[in-house]
Colleague: 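Provided herewith is a single structure, encoded as C-alpha cells, for subsequent inquiry.
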Amino acid sequence: MILKGRTWRFGDNIDTDAIIPARYLNTSDPAELARHVMEDADREFPEKVKPGDIIVAGRNFGCGSSREHAPIAIKSAGIQAVIAESFARIFYRNAFNIGLPIFESQEAADRIKEGDEVEIDADRGIIRNLTNGEEYRSRPIPPFMQELISAGGLIEWTRKKVRGMRS
Amino acid sequence: MTITEKILAAHCGREEVGPGELINARVDLILANDITAPIAIKEFERIGVKEVFDRDRIALIPDHFAPQKDIKAAEQCRMLREFSRRYNLSLYFEVGRMGIEHALLPEQGLVVPGDLVIGADSHTCTYGALGAFATGVGSTDVASAMATGECWFKVPESMKLIYYGSLNRWVGGKDLILHTIGDIGVDGALYRAMEFDGEVIRSLPMHARLTMCNMAIEAGGKSGIIVPDEITRQYVDGRAKRPYRLYTSDEDAEYVEVREYDCSRIPPTVSCPHLPSNTRPAAELSHVTVDQVVIGSCTNGRIEDIREAAEVIRGKKVNPNTRMIVIPATQQVYLQAVREGLAEIFVSAGAVFSTPTCGPCLGGHMGILARGEKAIATTNRNFVGRMGHPESEVYLSNPAVAAASAILGRIGTPEEVV
C-alpha cells in the first residue's frame, strides 16, 4: 500500500478533545464529526484539510479519552494517515481497529515541515519526503496488527473468528 | 511476575506472560457509556451474532450527557436502553439509578479483585485500585468483546511508584497522583502498568486509591494497580457480586522503572492549564481568580470527597464572584450526602447540588465555561476547551482546595479558610 499526500503539522500531546471536542459527541455520525476535526487545535483546519492529506505530529498523539470518534473524525475528513513520534495507546489501538493507517517515526516527526509532500510505503515502513528528498523509517507494525489490517479491521476479524467458532 | 502479568496470564489460560506479548484474553466485565456505546452497538450488529457472550457481564451506563441534555444525547441514551432490552442485559442503569460509571461499578461490587475489565472509557483504569486489571479501549473493541467475551492486549511493562513518609494535612490521593504526573509527564507511563506501592499506599483508604488509579491514563498509563490487602478486602466484602481473587506481585517481579516519592514533601497540588502534568503547589496560585468550582467526577465524586469539601465550606458562603457546582458521583453517594446533611451545607453556602453526571468534566452540560472563564475542578483533565470554550481554563485539584477556592473566589488552600 502506497499513500501519498500533503502534510499538516501539529505539536506534542494533541489530545482527543483537540481532535474532536466533547461538545460534538452527542452524535457518532462520521460526516458530522469530520466537520469539526482538529478544531480546538486549529480553528480553520476543517476548512483547510483536503481528502488525501496526511497529519504529522509530535509525541503522544491522541492522548486523553478513549473516544473512537477521534480516529473516525480524522478518517472521515479524508485524511489518509497520521505520522507521529508516538501515539497514546487507546488511540493507537482504535486506529488499527477502524483501519486508519498510522506510523510511528521520530525522524519523520522531526524533519517533515507543513506542506511537504510525502509518500508512505506502508508495507515496508518507509516514509519518503518528496519535497526535500529525505527518507525515514517507521517502527514496524506487529504481526497481529498486520493481521487486523489485512482482515479489514477488528470487526471483520471478529466476524471471521465467530464463523470459525461455529464451524 | 507482577500482579498485572499474573492477572493477564490467568485470563488467557497461561502459566506465564511477559511484557510485549500479544494475547487474547477472557474479560470479566465490559463497560460502555452513552458516548461510546452507540458506536459499539452499531459495530456489534455488523458482526452477525444472535446473542451477546454473557448478558450479566456487559454494563451500559448513560452518564456523560445524562440526564439527557439535548435531543441528540437522548437518542444516544435510547440506543443503550433499547440494546439492553433486546439482549436482556442485567447491567443497564437508568437515570435515577445510575451514577458515573467508574464510581458506580466498584460501589455496587460489580468489579472485584482479580478481574480483567475493559471499558470504552479511558478512566476504566480506576478499578486497578481493587487489584483488578482494568483498561480503557475503543468502542470497536467493546463490540468485538460483547460478541466473543475476549479482547486482544499487549502485555504492558510495569513501573513501580513507591510513596513513603507521612501525608501533609489536606493532601490525599489526588495530590499524590497529580504530583506523580507532574514528575513523569503526560506520557511518562505510556503503554505501561503503573503499580502504586509503599507505606503510604498500604494505609491509603479505598476512595483515595480509586482516585490515584483513575488518573493513570493521564500519565499515558495502560492501567494503574494496587496489590490488594486488608483495606481492599474490607471494601469488597459485603458488596462483591462475584467471587474474587487476590493477586500479588512476586518479590522478584521485574519493573521497567521504579520511582520513589517522599510524601512529606508533597503539598496540596494543582494542575494548571492545559496539561495535567503542569503542576504547582496550590499555595503558589493565589493570584488566579476562579469563575467556577466543580466538585465531582469519576476522580473525586465519592462520599469521602463530598465530605472533605463540606468540611471546608461548612457555615461559609461561596464567593459572590464564583459559582460552585457539587455533583455526587452516584445515587448512593447523593443519598448519603443528603442523610449526613452535606447537601444542606452546600445549598446553604450558595452552591448547586446536582444529580449524578459526568456533565461539566468533559464540557458536556451542567456548568460549561464561557470564553475567558477559569474553573478549578476536582476532575481529571484540563486540556484546551475541556470544560467549554476553547479559550476557557481548567485547574485541577483535590476537593478541599476546590472548596476553599470557592469561598475565596480565587485558588487558595483550606488553611486560609478553616
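In what follows, every heavy atom counts, from backbone to side chain, and hydrogens, waters and symmetry copies are set aside. First the proteins, then the strands, lettered A, B, ... as listed; each starts at 1.
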Colleague: Can you name the nearest heavy-atom pair linking A:Ser66 to B:Ala120, along with the distance?
Modeller: OG-C, 3.3 Å
Colleague: Measure the CG-CZ distance between A:Asp40 and B:Arg386 for me, rounded to the nearest 0.5 Å.
Modeller: 12.0 Å
Colleague: Supply the atom-to-atom distance A:Met145 CE to B:Leu22 CG, rounded to the nearest 0.5 angstrom.
Modeller: 7.0 Å
Colleague: B:Glu75 versus chain A, heavy atoms under 4.5 Å apart: side chain, backbone, both or neither?
Modeller: neither
Colleague: More than 12 non-hydrogen atoms from neighbouring residues, nucleotides or ligands closer than 6.0 Å to CZ on A:Arg139, yes or no?
Modeller: no
Colleague: Quick one: which of B:Thr36, B:Asp34, B:Thr124, B:Asp70 has the most heavy-atom pairs under 4.5 Å with chain A, could you say?
Modeller: B:Asp70
Colleague: Which residue out of A:Ile155, A:Thr158, A:Asp17 racks up the most heavy-atom pairs below 4.5 Å with chain B?
Modeller: A:Ile155
Colleague: Are the side chains of A:Leu154 and B:Glu43 in touch, meaning some heavy atoms are under 4.5 Å apart?
Modeller: no
Colleague: Could you check which of B:Ile368, B:Asn380, B:Thr135, B:Leu275 has the highest count of heavy-atom pairs closer than 4.5 Å to chain A?
Modeller: B:Thr135
Colleague: Return yes when atom CD of A:Glu114 has more than 12 non-hydrogen atoms of other residues, nucleotides or ligands closer than 6.0 Å, and no otherwise.
Modeller: yes
Colleague: So B:Phe65 and A:Leu25, do their side chains get closer than 4.5 Å, heavy atoms only?
Modeller: yes
Colleague: Return the minimal non-hydrogen interatomic distance between A:Arg23 and B:Pro390, and the atom names on each side.
Modeller: NH2-CG, 3.9 Å
Colleague: Between the side chains of A:Lys161 and B:Thr148, is a donor N or O closer than 3.5 angstrom to an acceptor N or O?
Modeller: no
Colleague: Decide yes or no for A:Ser65 and B:Arg381: does some side-chain heavy atom of the first lie under 4.5 Å from some side-chain heavy atom of the second?
Modeller: yes
Colleague: Name the option with the most non-hydrogen atom pairs under 4.5 Å to chain A; the candidates are B:Val186, B:Val137, B:Val384.
Modeller: B:Val137
Colleague: Under 4.5 Å heavy-atom distance to chain A, tell me which part of B:Ile217 shows up: side chain, backbone, both or neither.
Modeller: side chain
Colleague: Which pair of non-hydrogen atoms, one from A:Asn26 and one from B:Ala73, has the smallest distance, and what is that distance?
Modeller: CB-N, 3.9 Å
Colleague: Sub-4.5 Å heavy-atom contacts with chain B: which residues of residues 48-64 of chain A show up?
Modeller: A:Arg59, A:Asn60, A:Cys63, A:Gly64
Colleague: Just to be sure I understand the criterion: a residue of residues 75-111 of chain A counts if one of its heavy atoms is under 4.5 Å from a heavy atom of chain B. Which ones qualify?
Modeller: A:Ser86, A:Phe87, A:Ala88, A:Arg89, A:Ile90, A:Tyr92, A:Arg93, A:Asn94, A:Asn97, A:Ile98, A:Glu104
Colleague: Can you find a pair of side-chain heavy atoms, one from A:Glu32 and one from B:Lys72, that are under 4.5 Å apart?
Modeller: yes
Colleague: Taking atom CD of B:Glu218 and atom CG of A:Asp15, what is their separation to the nearest 0.5 Å?
Modeller: 10.0 Å
Colleague: For A:Pro143, is it the side chain, the backbone, both, or neither that has a heavy atom closer than 4.5 Å to a heavy atom of chain B?
Modeller: neither
Colleague: Which pair of non-hydrogen atoms, one from A:Glu68 and one from B:Ile39, has the smallest distance, and what is that distance?
Modeller: OE2-CG2, 3.8 Å
Colleague: Go through the atoms of B:Lys42 and report whether side chain, backbone, both or neither lie under 4.5 Å from a heavy atom of chain A.
Modeller: side chain
Colleague: Relative to chain A, which segment of B:Ile35 carries a heavy atom at a distance below 4.5 Å: side chain, backbone, both, or neither?
Modeller: both
Colleague: Using non-hydrogen atoms and a 4.5 Å limit, figure out which bit of B:Asn33 sits close to chain A: side chain, backbone, both or neither.
Modeller: neither
Colleague: What residue in A:Glu156, A:Arg67, A:Lys160, A:His69 has the most heavy-atom pairs under 4.5 Å with chain B?
Modeller: A:His69
